[in-house]
Number of protein chains: 4
Amino acid sequence: MKIYQLVAKDGQGRRISRVFDYFIMTLILLSVLAIILESIKEVNSQFGSVLWVFNIISVVVFSIEYLIRLYVSDLTHPSTSRIKSACRFVFSAYGLIDLLAILPFYLPMLIRMDLRFIRTLRLTRFLRILKMNRYNDSLDLIWSVIKEKRSELMVTGFISFLLLLFASFVMYYIEGEQQPEQFPNILASFWWAVATLTTVGYGDVYPITGLGKVISGLIAIMGVGIIALPTGLISAGFMNKIEDKKKDLNTCPHCGKEID
Amino acid sequence: MKIYQLVAKDGQGRRISRVFDYFIMTLILLSVLAIILESIKEVNSQFGSVLWVFNIISVVVFSIEYLIRLYVSDLTHPSTSRIKSACRFVFSAYGLIDLLAILPFYLPMLIRMDLRFIRTLRLTRFLRILKMNRYNDSLDLIWSVIKEKRSELMVTGFISFLLLLFASFVMYYIEGEQQPEQFPNILASFWWAVATLTTVGYGDVYPITGLGKVISGLIAIMGVGIIALPTGLISAGFMNKIEDKKKDLNTCPHCGKEID
Amino acid sequence: MKIYQLVAKDGQGRRISRVFDYFIMTLILLSVLAIILESIKEVNSQFGSVLWVFNIISVVVFSIEYLIRLYVSDLTHPSTSRIKSACRFVFSAYGLIDLLAILPFYLPMLIRMDLRFIRTLRLTRFLRILKMNRYNDSLDLIWSVIKEKRSELMVTGFISFLLLLFASFVMYYIEGEQQPEQFPNILASFWWAVATLTTVGYGDVYPITGLGKVISGLIAIMGVGIIALPTGLISAGFMNKIEDKKKDLNTCPHCGKEID
Amino acid sequence: MKIYQLVAKDGQGRRISRVFDYFIMTLILLSVLAIILESIKEVNSQFGSVLWVFNIISVVVFSIEYLIRLYVSDLTHPSTSRIKSACRFVFSAYGLIDLLAILPFYLPMLIRMDLRFIRTLRLTRFLRILKMNRYNDSLDLIWSVIKEKRSELMVTGFISFLLLLFASFVMYYIEGEQQPEQFPNILASFWWAVATLTTVGYGDVYPITGLGKVISGLIAIMGVGIIALPTGLISAGFMNKIEDKKKDLNTCPHCGKEID
């Protein structure tokens, strides 16, 4: 029961749970920093061993944390049997993230790609911090607005996708012959279309023919409109939420009673 | 009558119509994918024959679909005579798109440019899917807001066009002598202006003279304003629509009277 | 009096005035097109003489128009004496534009720089067309919103300017030594700052030092905020205008009388 | 007492205070201009001595101003003792800025980096001018909206940061091997992520692998959303402020009763 209090979200042992949470949080942050530092060759050649030791310590701590969470899974993920509870934890979102964060250390030679970066996923646990404090409402507000305007945003996204696809096709046939290296196929053309519509414009791929420039200009101008649509939708959504909140406190001007 | 049910939008034979619709839709998607794959040299050299066979099959299916639609045109496009109905279908938007999607196959040597990409136009038929389902309202809402703010958006567009034209003229006279290859004429200068005002900034054309940079900076700053105008208009439009919808329902739940 | 009707804005001779207006408008558009075509070397070498003849014709027509407007200036710009009226017309905005549009032809050798592009200024007369038709309200709405939010937009502009200036100073000291060719002085640094804050990012100047990249990233992120401010202001302005218009039609819910 | 009136914000000697303020303001502007001119080699080699003399004069004036402000600190920053007042002034925001603006002149050899640019900080004193005049309300409005939406903006910023971090990690593992010079470590990858999410897109770093382009495209598209969120929040904030102001005045002009 004591151990449960460590990882409990709203358990009685709030203080110890807090301390444990902040300790894990700090370790996550430090391990993310360690990955960044490791990637810098100059730092790695000098402090490589320090980072390695820290890496081992953090993995050990995360492993113990994982085992604790697995041990108390009958309390956090109640089910008919202990094994089912453990399974429910292991295959829960956080369970998988926790496992992925330590697995790369134990299975170093199994898969070639470095999975350490998946530890970043643990950063999503920051959101749990947000859930505890006053920023909770803000995140909820943003999320509820996006959810409310979901179908409109999806339609905007779909129109954008059609536009991107159409522009890529046209551009491939126009520029493909002139710039076979920049527009070798429609996928490459799609890359140009995304960079143009989002107004990023890296400058690695751009049209050189007259007609290509006309199409590109039109896509760039449509890009401004495509950016305007979600912004307008989200503005209206936020405005709407604020008004709804205000209306909760309103009374009917005729009978004086509250309007819910 | 049975055949009509296949292509009918709201016929009695809803189920078979649905199946037919999804089949055609899937085939459109696959043929678009095939065009993309064909454009990739590595894929084309290996699976070229497979793609070619698929191409023939899809064209045959689209041709049969076209003939069916032509056959039932007296029901979908009712007119005084059967020939008039057929004409009305052939020259309708979807009729032309359907024709253009199969024509390139039958007339391969008539015109030099590859028209296959026009098949993408068939993607517009996706919108018919949207029309059927719950996203219908979203598309209508977006469209009605754009239509409502049409004249303001056109004025913004016109001001932007004047700004672009003026900037191109000035830039050509300023940078033309210094960079004859980047600013050979006013059209090239216009290309720079569009890339700057939309804040894409590919980096293929940029000013190098002091005065040119001042003009360019001003255009870029105006670009931020030009983006703000349509966004503001569309935000206000969406907000307005939401309020109108609310006002329709605005009665006090206690006394039943309307609230202004 | 007949001649006055030609150029009158709301004279009795509306029809002839309209025809004259559209004729001048078309000629302006064609002369703008001629300047664009002249700037393209391939076109100029082939159709140079045609464009030259058109140039002479258009200047002659514009000169006659100018003389007509000068002749009827006592009616369009009434003053105590005929000479004062003429002066008032000559130094009015349109008078100066009209003069500048024909002057470059008559004084070809006086000043070296080609002034022909000033003829573009005549495009501003398009706005007069707008004034006549139904887009009038749209232009007024946009203008009134910008004017209403004038002081807020100016403050935003001033904050942006301080930010740009500060970023340029810092960047010059950071990057100046490493990239003496890209950041030779603070003005060059300012050019980078404008391209970054407006998110154009041509790619001709960018930081290469670590600290420079941190500053650059911060400026780019602030750029997103700086774009959000005018957009938000203009959105709110448009929304406000729409509500004001609605309120004009509202009645007080207590006494039923209209609220102005 | 006379000297106090010089630097007093709302003292009785308003006129002399104004003159002094404008004199200092002009000198600040000129000294900023002097720093810009000094940085331009062509100007510096020709007018270097003039700029140097101006530099000395301005520093002397700023020093005198600093001493005056220090002398009257018992009036501007009242405290129990004169020394405490002086300390409060010296460690106040403006006190530190004033000191930093003159210190670099007196301690030229102490630290290697040129601190002259800190004089730009004195530009923040422009804001004091704003405080006096009608733009006061505008600045307050902008600031109050940002403050009101503080927590939502912070959450947006936090989500953006997580997104940037995650994209940098993924990109380093994907592109790092292919482009070891462009993506040598995660910090460099972060630089790319910022340039992409803010849609600046300098073009110095961009993905070349297929997977890298997919990730980059997704980040660019998310960038559009990330820009939409603060814009929507700020729009709603401004709208809300305007409505609150209106509600204060919302009484029927006929019967005098309030309207909900």
Side-chain angles (χ1 to χ4, degrees), chain A residues 149-156 158-159 162 165-166 168-170 172-173 176 184-190 195-196 199-208 210 213-214 216-218 220-221 223-225 227-229 231-237 239-240 243 252-255 257-260, chain B residues 32 35-36 38-41 43 113-114 116-117 120-121 123-124 126-127 130 134-135 137-139 141-142 145-146 153 157 160 187-188 190-191 194-195 197-204 223 226-227 230-243 246 252-255 257 259-260:
Chain A
K149 300 289 169 193
R150 198 182 46 232
S151 60
E152 281 92 353
L153 290 172
M154 277 175 71
V155 170
T156 309
F158 182 73
I159 295 168
L162 279 189
L165 206 61
F166 188 66
S168 326
F169 271 66
V170 175
Y172 168 66
Y173 287 103
N185 53 55
I186 292 167
L187 285 184
S189 192
F190 197 81
T196 302
T199 78
V200 169
Y202 284 121
D204 55 337
V205 192
Y206 51 83
I208 53 165
K213 285 180 177 181
V214 170
S216 193
L218 287 174
I221 289 162
V224 173
I227 292 167
L229 278 176
T231 309
L233 280 163
I234 287 169
S235 288
M239 194 56 221
N240 201 18
E243 284 198 344
C252 165
H254 305 291
C255 63
K257 285 181 193 166
E258 280 183 58
I259 301 156
D260 50 359
Chain B
V32 166
I35 302 169
I36 294 171
E38 257 181 64
S39 81
I40 305 168
K41 273 168 206 70
V43 175
M113 202 187 78
D114 198 339
R116 274 177 308 174
F117 70 87
T120 346
L121 288 172
L123 273 169
T124 51
F126 264 110
L127 298 172
L130 291 174
R134 69 199 169 89
Y135 296 124
D137 290 342
S138 304
L139 193 68
L141 176 66
I142 291 170
V145 164
I146 292 172
L153 289 172
S160 309
L187 285 183
F190 197 81
W191 165 243
V194 169
L197 199 77
T198 58
T199 77
V200 169
Y202 283 121
D204 55 337
I226 291 292
I227 291 167
T231 309
L233 280 163
I234 287 168
S235 288
F238 279 124
M239 196 55 222
N240 200 19
K241 286 280 161 195
I242 290 167
E243 285 198 343
K246 271 188 187 167
C252 167
H254 304 289
C255 64
K257 285 182 196 165
I259 300 154
D260 74 278

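In what follows, every chain begins at residue 1, and chains take the letters A, B, ... in the order their sequences are listed. Side chains included, hydrogens not; waters and symmetry mates left out as well; all remaining heavy atoms used.
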Any side-chain heavy atom of A/Ile227 within less than 4.5 Å of one from B/Thr231? no
So, do A/Val205 and B/Tyr202 sit near enough that their side-chain heavy atoms are less than 4.5 Å apart? no
B/Ile142 versus chain A, heavy atoms under 4.5 Å apart: side chain, backbone, both or neither? side chain
At what distance, to the nearest 0.5 angstrom, does CD1 of B/Ile242 lie from NZ of A/Lys149? 3.0 Å
Check whether any side-chain heavy atom of A/Leu165 lies under 4.5 Å from a side-chain heavy atom of B/Ile36, and answer yes or no. yes
Please find the pair of heavy atoms, one from B/Phe238 and one from A/Leu229, that lie closest to each other, and give the distance. CE1-O, 3.9 Å
Nearest 0.5 angstrom please: A/Asn185 CG to B/Glu38 CD, how far? 12.5 Å
Region of B/Val200 that comes under 4.5 Å of a non-hydrogen atom in chain A: both
So which atom in A/Gly217 and which in B/Trp191 form the shortest heavy-atom distance, rounded to 0.1 Å? N-CZ3, 4.0 Å
On a heavy-atom basis, which atom in B/Ser235 and which in A/Gly232 lie closest, and how many Å separate them? OG-CA, 3.2 Å
How close do A/Ala228 and B/Pro230 get, counting heavy atoms only, and between which atoms? CB-C, 4.3 Å
Counting heavy-atom pairs under 4.5 angstrom with chain B, the leader among A/Gly201, A/Ser216, A/Gly237 is A/Gly201
